[in-house]
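A quick write-up on the structure given underneath.
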Amino acid sequence: MSAQLPPRTSPRRPLPARRTAPSTRSALAGRTALAGAAAALALTLAACGSPAGKAADGDGHSGHSHASATPAASGGAHAGHGMPGTAPATTPGAPAVGAGLASEQNGYRLAPASDTLPAGAPAEYRFTITGPDGGPVTAFAVEQTKRLHFYAIRADLTGFQHLHPEMAADGGWTAPLAALAPGSWRVYASFTPDSGPGKGTGLVLSRPVTVPGTAGTAPAATGTGTGTGTASVDGYTVTVDGAPTAGAAAELKVTVRKDGAPVTDLEPYLESYAHLTAFHVGDQAFAHLHPETRAEGAGGGPTLPFHAELPAAGDWQLFLQFRTAGTLHTAAVTLRVAG
């Protein structure tokens with residue numbers, strides 16, 4: 001066997017230190033200075049553009065949420081109720097932008113066969129709701145027993161009509177309107193798609209309609225100066241009480257009386273004992289006020305609570321529909337909303 005060599009005990013000589021060329025040292029120093037300057041600049045921008053304790057996100061916005069402006073084409077869905085007809089608040093006294101005043105929202109469009117209807121005789125308003133793909137929408141969710149609620153009202157807030165047209169297999173709708181007086185009108189379609197990208201989102205779309213002829217004048221709607229309005233129809237007296245403020249949730253109480261006595265025989269109408277729709281005086285902005293109770297058989301009344309979110313200050317014309325003994329009554333009540 002070969003002899004084993006003893007382990008090496010002498011220390012290794014250290015390697016000589018690597019020398020950096022002057023040009024390399026200058027480059028490293030320059031990169032270090034640039035990095036420091038960039039860090040300082042980032043801190044300065046963060047201090048100027050972000051609130052304390054909020055990091056800036058990738059888009060340059062601070063990490064807290066931002067309120068967005070309401071687009072002009074929005075129809076708005078009522079928060080907490082899943083039904084269309086309300087919109088965020090606007091500047092007090094300004095038009096209620098987005099409250100059903102546009103013909104298109106989120107790719108959905110109210111497409112009529114004509115924007116003119118004859119005067120003085122029943123007429124049919126034919127239209128289609130088209131979706132983001134340009135084709136007719138045929139799937140609609142049922143809201144208050146109907147797949148679509150259709151309204152027509154003149155610019156002076158007279159001639160109110162609330163209909164529930166039927167849809168043809170091809171997606172076309174026909175609303176059978178009673179005779180219209182000459183003047184400028186607006187029609188509204190309130191619905192919720194039950195398929196496609198807008199499924200479950202309540203929408204209100206509208207378009208102006210011209211009825212040729214000499215338009216008569218009607219007394220302008222006037223507010224009471226308070227949160228109370230009263231009107232009479234078919235021997236009934238309707239009172240609306242509340243303290244609504246533009247853009248804020250409020251409760252309105254509707255009371256129905258006849259010959260001074262409270263009415264307690266209201267019959268179900270669209271799942272409730274009354275239906276309440278509002279239009280803003282001046283621009284015809286739309287709002288649907290939602291009943292807080294459901295009809296449980298005949299015998300409703302005399303007082304009915306409604307949840308209201310009216311998006312603009314000023315006078316609103318409210319149309320209350322209720323049924324007794326198989327007859328549908330419609331009362332027009334003017335209510336002032338504070339700014």
How far does OG1 of T277 sit from CD of Q321, to the nearest 0.5 angstrom? 6.0 Å
Working for side-chain contact (heavy atoms from CB on, under 4.5 Å), residues F319 and H162: CA-CA 10 Å; F319 292 90; H162 174 195; over 6 Å; no
As an exercise, state the distance from CG of L310 to CZ of F286, rounded to the nearest 0.5 Å. 11.5 Å
Non-hydrogen side-chain atoms of T214 and P182 separated by less than 4.5 Å: no
Output for pair (D315 CG, F279 CZ), nearest 0.5 Å, gives 15.5 Å
Which heavy atom in G131 sits nearest to a heavy atom in V137, and how many Å separate them? N-CG2, 3.5 Å
Around atom CD of E251, are there more than 12 heavy atoms of other residues, nucleotides or ligands at under 6.0 Å? yes
Check the pair S103, L205 against side-chain contact (heavy atoms from CB on, under 4.5 Å), reporting the backbone distance first and the verdict last. CA-CA 5 Å; S103 62; L205 305 178; 5.6 Å; no
Closest non-hydrogen atoms of A249 and E309, given as atom of the first, atom of the second and distance, are CA-CG, 3.7 Å
Taking C-beta and beyond as the side chain, do F322 and V233 meet within less than 4.5 Å on heavy atoms? yes
Contact between P291 and Q144 at the side-chain level, heavy atoms closer than 4.5 Å - yes or no? yes
Between D259 and A261, is there a donor-acceptor pair closer than 3.5 Å when you use the side chain of the first and the backbone of the second? no
Considering all heavy atoms, the nearest G301-L266 contact: CA-CD1, 3.8 Å
Validation row, ring centre W173 to ring centre F140 under 6.0 Å: yes
Where V333 and G229 come nearest, the two heavy atoms and their spacing: CG1-C, 3.4 Å
What residues, two or more places apart in sequence or in another chain, satisfy ring pair (Phe, Tyr, Trp, His ring centres under 6.0 Å) together with Y108? none
Examine distances only and state if a side-chain atom of Q161 and a backbone atom of L177 form a donor-acceptor pair shorter than 3.5 Å. no
Taking the six-membered ring for Trp, are the ring centroids of F150 and Y188 within less than 6.0 Å of each other? no
Check whether any side-chain heavy atom of R154 lies under 4.5 Å from a side-chain heavy atom of V211, and answer yes or no. no
With rounding to the nearest 0.5 angstrom, report the CG to CZ distance, L270 to R323. 8.0 Å
Do V238 and Y269 land in one hydrophobic cluster if side-chain heavy atoms of ILVMFWY residues count as linked below 4.5 Å? no
Inter- and intrachain pairs under salt bridge (Lys or Arg N to Asp or Glu O under 4.0 Å), touching residues 189-209, at least two apart: D115-R207
Where the side chain of Y273 meets the backbone of E296, is there a donor-acceptor pair that is under 3.5 Å apart? yes
Taking C-beta and beyond as the side chain, do P305 and T293 meet within less than 4.5 Å on heavy atoms? yes
Are the side chains of L320 and V240 in touch, meaning some heavy atoms are under 4.5 Å apart? no
Taken to the nearest 0.5 Å, the spacing of L252 CG from H290 NE2 works out to 12.0 Å
Stepwise side-chain contact (heavy atoms from CB on, under 4.5 Å) check, L157 with Q284: CA-CA 8 Å; L157 302 187; Q284 297 175 277; 4.0 Å; yes
Given the rule in the side-chain contact (heavy atoms from CB on, under 4.5 Å) test, do H288 and H275 qualify, once you have shown the distances and angles that lead to the verdict? CA-CA 9 Å; H288 178 207; H275 185 273; 3.3 Å; yes
Indicate the atoms forming the closest heavy-atom contact of L304 with A274, along with that distance. CD1-CB, 3.5 Å
d(R147 CZ, T192 OG1) to nearest 0.5 Å is 13.0 Å
The side chain to side chain donor-acceptor pair (under 3.5 Å) partners of D265 (sequence neighbours excluded) come to none
Assess the residue pair T210 and T116 against the criterion (side-chain hydrogen bond (donor to acceptor under 3.5 Å, both in side chains)); give the C-alpha distance rounded to whole Å, side-chain angles, the decisive distance to 0.1 Å, and a yes or no. CA-CA 5 Å; T210 299; T116 302; 5.2 Å; no
Among I129, T128, T130, which one satisfies side-chain contact (heavy atoms from CB on, under 4.5 Å) with R109? T130
Check whether any side-chain heavy atom of L148 sits under 4.5 Å from a side-chain heavy atom of F127, and report yes or no. yes
Tightest non-hydrogen contact, residues D283 and L101, listed as O-CD2, 3.3 Å
What is the ring orientation for H149 with Y151, classed by angle as parallel under 30°, tilted 30 to 60°, or perpendicular over 60°? parallel
With the side chain counted from C-beta on, respond yes when T237 and S232 share a heavy-atom pair under 4.5 Å apart, and no when they do not. yes
